[in-house]
Amino acid sequence: MTLLYFAWVRQKLGKGQEEIEPSSEMKTVNDLIAWLVARDAEYAEVFADPSRLRVAVNQDHVSFDAPVHANDEVAFFPPVTGG
């Protein structure tokens, strides 16, 4: 699974992308977030308030209960506002 991080998420984690091997229990974006939070304090801080984030799976905006699969690309980014 490819994880992409944008804007302040990228800045906080110090990386824009990483590859992970998801476990069989990782069925949804929420499961992925729980796994990331358990990794270390930086992830826990970034994902402490998911309402501050948006997510896309394979370049489609989805909700946090959307399914994820081993070959997916999952992107996390802050909400975008226009003017």
Next on the checklist: For the CD atom on Q17, are there more than 12 heavy atoms of other groups (residues, nucleotides or ligands in this structure) within a distance under 6.0 Å?
Outcome noted: yes

Item to check | Note, F64 side chain near I33 side chain (heavy atom, < 4.5 Å) | outcome: yes

Checklist entry - Nearest 0.5 Å, what's the CG-CD distance between D72 and Q59? => result 11.5 Å

Item to check | From CA spacing to verdict: side-chain contact (heavy atoms from CB on, under 4.5 Å), F76, V46 | outcome: CA-CA 10 Å; F76 294 100; V46 166; over 6 Å; no

Next on the checklist: Would you say that more than 12 heavy atoms from the other residues, nucleotides or ligands in this model lie under 6.0 Å from the CG of D40, or not?
Outcome noted: yes

Item to check | Y43 six-ring face occupied by R39 cation (under 6.0 Å, within 45°) | outcome: yes

Checklist entry - When hydrophobic residues are tied together by side-chain contacts of less than 4.5 Å, even through go-betweens, does F6 share a cluster with V29? => result no

Item to check | Short N-O contact, E42 and K12, less than 4.0 angstrom | outcome: no

Item to check | Stepwise side-chain contact (heavy atoms from CB on, under 4.5 Å) test for E73 and L4 | outcome: CA-CA 7 Å; E73 175 189 88; L4 303 175; 3.4 Å; yes

Checklist entry - Could you state the interatomic distance from CG (L53) to CH2 (W8), rounded to the nearest 0.5 Å? => result 4.5 Å

Checklist outcome for this item: For P22 and A70 the tightest heavy-atom approach is CG-CA, 3.7 Å

Item to check | Near-ring test F77/Y5, centroid separation under 6.0 angstrom | outcome: no

Next on the checklist: Could you check whether any side-chain heavy atom of L32 comes within less than 4.5 Å of a side-chain heavy atom of V74, counting everything from C-beta outward?
Outcome noted: yes

Checklist entry - Roughly how far, to the nearest 0.5 Å, is the CG atom of N58 from the CG atom of N71? => result 9.0 Å

Checklist entry - Any side-chain donor-acceptor pair under 3.5 Å between D65 and S63? => result yes

Checklist entry - Do you know the tightest heavy-atom contact between H69 and P67? => result CE1-CB, 4.1 Å

Next on the checklist: Is there a side-chain contact between M1 and V68 in this structure, where contact means two heavy atoms from C-beta onward sitting under 4.5 Å apart?
Outcome noted: yes

Item to check | Test item: side-chain donor near acceptor, E19 and T2, under 3.5 Å | outcome: yes

